[in-house]
Protein chains: 2
Amino acid sequence: MGMSYEFWMETFSHSAAGTPNAASNHAVGIRDVATRAGVSPATVSRVLTGGPASRETRERVEAAVRETGYRPNLSARRLRTRASRTIGLIVSDIRNPFFTSLSRAVEDAAYRADMRVVLCNTDENPTREAMYLRLMQEERITGLIIAPTRATADRLETMTFDFPVVLVDRAGPTGAHDSVVIDNSAAVDTLISHLLGRGHRRIGGLFGNTSSTAQERHRGYAAAMLAHGLAPEARMIEPSAEASERELARWLTEPDRPDAFVGSNGQIVLGMARAVRSAGLAIDDDVVLAGFDNEMWTEMIGRGLTVIEQPVEEIGRSAMDLLFRRLERPDVAPCKIVLAGRLIDRDETPAPRAA
Amino acid sequence: MGMSYEFWMETFSHSAAGTPNAASNHAVGIRDVATRAGVSPATVSRVLTGGPASRETRERVEAAVRETGYRPNLSARRLRTRASRTIGLIVSDIRNPFFTSLSRAVEDAAYRADMRVVLCNTDENPTREAMYLRLMQEERITGLIIAPTRATADRLETMTFDFPVVLVDRAGPTGAHDSVVIDNSAAVDTLISHLLGRGHRRIGGLFGNTSSTAQERHRGYAAAMLAHGLAPEARMIEPSAEASERELARWLTEPDRPDAFVGSNGQIVLGMARAVRSAGLAIDDDVVLAGFDNEMWTEMIGRGLTVIEQPVEEIGRSAMDLLFRRLERPDVAPCKIVLAGRLIDRDETPAPRAA
DNA sequence: TTGAAAGCGCTAACAC
DNA sequence: GTGTTAGCGCTTTCAA
């Protein structure tokens with residue numbers, strides 16, 4: 001604020017920090033700049049934060065900043081202003097492509113708002129999650145975006161924080177905090193209808209056992225099956241590719257098995273694809289798969305694998321919007337944004353977008 | 001430090017912050033805790049940081065912390081101790097799987113060392129990169145891990161910072177900072193040898209034009225080809241899947257084209273795979289591909305696509321090790337850790353790890 | 001428009 | 001083992 005990009009870019013090149021053999025810019029403070037510019041620290045502060053200052057003063061201060069290579073100390077500034085301009089992002093594992101994209105969207109929005117992002121992976125480990133929640137409080141963050149484990153999701157409802165919290169991906173009924181989710185029940189419905197349309201009647205399901213989202217997808221699956229007079233065949237697993245591969249490998253050897261399977265997230269679908277291959281079966285011809293997350297590898301498989309693409313970028317952006325909205329008006333009622341998933345139907349596209 | 005996990009976990013459940021209708025824990029400070037425990041702020045500080053204190057005092061303070069829901073203010077602590085316990089991580093795009101895994105490894109190491117990670121995406125945009133570099137200085141971070149764009153890599157050499165900097169993935173010759181890279185020239189060599197072994201003589205190459213790593217791979221490729229008496233056929237592109245797809249699509253229509261192609265990173269190889277498909281050609285039968293990054297989708301393609309897997313976790317861990325080493329002994333000479341890539345040869349594995 | 005003074009919340013030096 | 005005091009680097013009254 002106050003000073004332009006150009007100013008700072010220039011600062012970079014000319015400053016002491018940019019010159020190897022400059023007098024080691026030994027903790028240049030605002031007083032040093034003030035002395036050099038022949039003004040008071042308060043004036044330097046004003047110039048730096050875009051406060052009132054005469055043209056001449058402003059120039060002298062900017063010169064002094066450049067010459068000294070001064071960098072304001074954010075800890076001090078935060079302590080004083082009580083504004084950390086920091087967003088906390090807590091997810092289970094950034095390597096889950098859903099969270100990867102989410103973090104990118106969040107970081108982009110944060111950058112635009114001149115904020116930083118502290119990234120935290122919990123590995124679905126409640127202890128680690130609790131540590132990070134505590135950290136967020138100690139950082140006095142501006143706002144938190146979190147995809148909580150189920151246990152924590154419940155506890156979050158009973159906790160109050162000094163900053164707004166937005167739940168993403170995983171959120172139960174509207175509760176104490178704002179949230180952004182996709183319509184899981186509708187999405188599963190779409191998936192099941194698609195499989196039914198392709199003539200499948202035996203549709204098995206593999207669902208994660210740690211998140212409320214997997215739970216919702218499971219319920220949606222069961223409901224959809226029953227609505228069509230079919231028997232749900234669901235198994236709950238740890239939501240990892242490994243667990244999924246193991247479970248489906250076993251399932252595939254059972255007599256009278258389903259010929260189509262649904263997975264509750266990208267990792268699970270990946271494990272399923274591996275299991276099918278390992279069993280020497282062909283996706284599409286022998287087994288049909290469906291699930292969530294339009295990952296790159298699903299594109300490579302093509303036919304026989306149908307997924308629901310989640311509008312991840314929009315989820316991230318919406319989460320930041322909710323955060324900012326609540327910062328402005330802390331008292332509006334908690335709100336839940338429900339976005340739609342999109343069916344990626346590669347079965348309908350025989351030739352992959354040829355020229 | 002000082003207090004156990006258990007203590008803090010418990011704190012969580014009982015504290016004012018955890019109780020919805022508790023007296024709004026209006027900025028509980030260390031003085032409030034001190035008053036409540038009947039001791040001085042200094043004593044509370046000591047207890048919290050594991051300093052000397054009698055058993056009884058310690059218990060009283062812990063009780064007071066619990067009852068008040070006190071959370072130390074990290075900005076204040078940092079200002080005072082001049083230790084931010086924060087690691088900066090600057091990459092071009094966290095969605096690049098290499099950086100995704102890297103960030104995870106870095107965050108894990110940071111967590112173990114009781115530090116946090118500030119994540120920054122630059123999009124290969126020097127302005128954004130400069131802004132983030134400035135931020136790192138203002139945060140007074142403990143250390144920086146960065147995969148710089150080529151322009152910045154050069155400038156970094158001439159800049160000095162108040163914290164250690166470790167370059168990852170992209171690093172020229174040993175310079176002012178520590179670095180961790182893989183042996184690109186050896187890796188490309190392996191790739192070329194593999195293709196030669198499969199009988200290919202016309203091997204084209206698509207290389208990124210923004211990073212020193214792509215440059216090294218390009219040089220290695222040219223050298224390897226010449227060493228075998230073959231003509232290098234390289235094209236430089238923006239390192240994105242889109243640019244790569246466009247370029248290879250064009251190349252594939254040219255008469256007398258190569259029958260094998262090498263790409264300098266995962267995004268480029270992905271674009272190549274898409275181009276081959278779109279052209280109605282079959283990977284392996286019509287065109288053979290090779291490149292870097294063992295991503296999930298490459299496993300799905302299987303034969304005809306050979307990649308070099310980078311030890312990403314180890315790169316991340318090594319980078320953190322270098323950081324800590326330099327914090328302990330600031331004056332040791334800059335060091336460059338060179339790790340080996342691993343050839344993932346799916347052509348040799350007809351049946352994918354069947355039971 | 002500017003400067004002097006106070007203080008954000010914490011820890012470290014020193015005295016007891 | 002504990003309290004008192006000072007001050008980390010900044011911003012923000014308040015007066016001038």
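Order of the sequence lines sets the chain letters (A, B, ...), proteins ahead of strands, with each chain counted from 1.
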Q. Rounded to whole angstroms, how far apart are CG on A:Asp32 and P on D:dG9?
A. 9 Å
Q: Using only side-chain N and O atoms of B:Ser54, determine if any of them is under 4.0 Å from OP1 or OP2 of D:dT2.
A: yes
Q) Taking B:Leu167 as the fixed residue, which of B:Asp178, B:Leu322, B:Leu156 is the one that meets the side chain to side chain contact (heavy atoms under 4.5 Å, CB included) rule? A) B:Leu156
Q.
Please report the distance, rounded to the nearest Å, between CD in A:Glu139 and P in C:dG9.
A. 16 Å
Q) Is the closest side-chain donor-acceptor distance between A:Glu129 and A:Thr152 under 3.5 Å? A) yes
Q. Can A:Arg104 and A:Asp108 be counted as an ion pair, charged N to O under 4.0 angstrom?
A. yes
Q.
Nearest whole Å is fine: how far is D:dG1 P from B:Arg58 CZ?
A. 9 Å
Q: Whole angstrom is fine here: how far is it from CZ in A:Arg60 over to P in C:dT1?
A: 15 Å
Q: Kindly calculate the angle separating the two end axes of the helix from C:dT1-D:dA16 to C:dC16-D:dG1, each obtained from five base pairs, and round it to 10 degrees.
A: 30°
(Q) With a 4.0 Å cut-off on N to O distance, would you call B:Arg36 and B:Asp32 a salt bridge? (A) no
Q. Using a cut-off of less than 4.0 Å, is there contact between a side-chain N or O of A:Arg82 and OP1 or OP2 of C:dG9?
A. yes
**Q.** C:dA4 OP1/OP2 closer than 4.0 Å to side-chain N/O of A:Ser40
**A.** no
Review item, nucleotides 11-13 of chain C N/O atoms under 3.5 Å of protein N/O:
{"unit_1": "C:dT11", "atom_1": "OP1", "unit_2": "B:Arg77", "atom_2": "NE", "d": "2.6"}
{"unit_1": "C:dT11", "atom_1": "OP1", "unit_2": "B:Arg77", "atom_2": "NH2", "d": "3.3"}
{"unit_1": "C:dT11", "atom_1": "OP2", "unit_2": "B:Ser45", "atom_2": "OG", "d": "2.7"}
{"unit_1": "C:dT11", "atom_1": "O5'", "unit_2": "B:Ser45", "atom_2": "OG", "d": "3.4"}
{"unit_1": "C:dT11", "atom_1": "O2", "unit_2": "B:Arg80", "atom_2": "NH1", "d": "2.6"}
{"unit_1": "C:dA12", "atom_1": "O4'", "unit_2": "B:Arg80", "atom_2": "NH2", "d": "3.2"}

Q) What is the distance from CZ of A:Arg71 to C1' of D:dC10, rounded to the nearest Å? A) 16 Å
(Q) Between A:Glu59 and A:Arg55, does any side-chain N to carboxylate O distance fall below 4.0 Å? (A) yes
Q) Is a side-chain N or O of A:Arg78 found less than 3.5 angstrom from the main chain of A:Arg82, in a donor-acceptor match? A) no
Q: Could you state the atom-to-atom distance from CG of B:Asn73 to C1' of C:dG7 in whole Å?
A: 14 Å
Q | Contacts of type side chain to side chain contact (heavy atoms under 4.5 Å, CB included), residue B:Ser103, not counting sequence neighbours | A | A:Ile94, A:Leu119, B:Leu89, B:Ile94
Q. Does a side-chain N-to-carboxylate-O contact under 4.0 Å join B:Glu107 and A:Arg95?
A. no
Q) With respect to the phosphate group of C:dT2, does any side-chain polar atom (N or O) of A:Thr43 fall under 4.0 Å of OP1 or OP2? A) no
Q) To the nearest angstrom, how far is A:Arg78 atom CZ from D:dT12 atom P? A) 15 Å
Q: On DNA chain D, check which nucleotide each of B:Arg140 and B:Ala53 is closest to and give me the residue with the more 5' one.
A: B:Ala53
Q. Touch check for A:Ser75, heavy atoms < 4.0 angstrom, all strands: base, sugar-phosphate only, or nothing?
A. nothing
(Q) Can you tell whether the side chains of B:Glu138 and A:Arg85 come within less than 4.0 Å, N to carboxylate O? (A) no
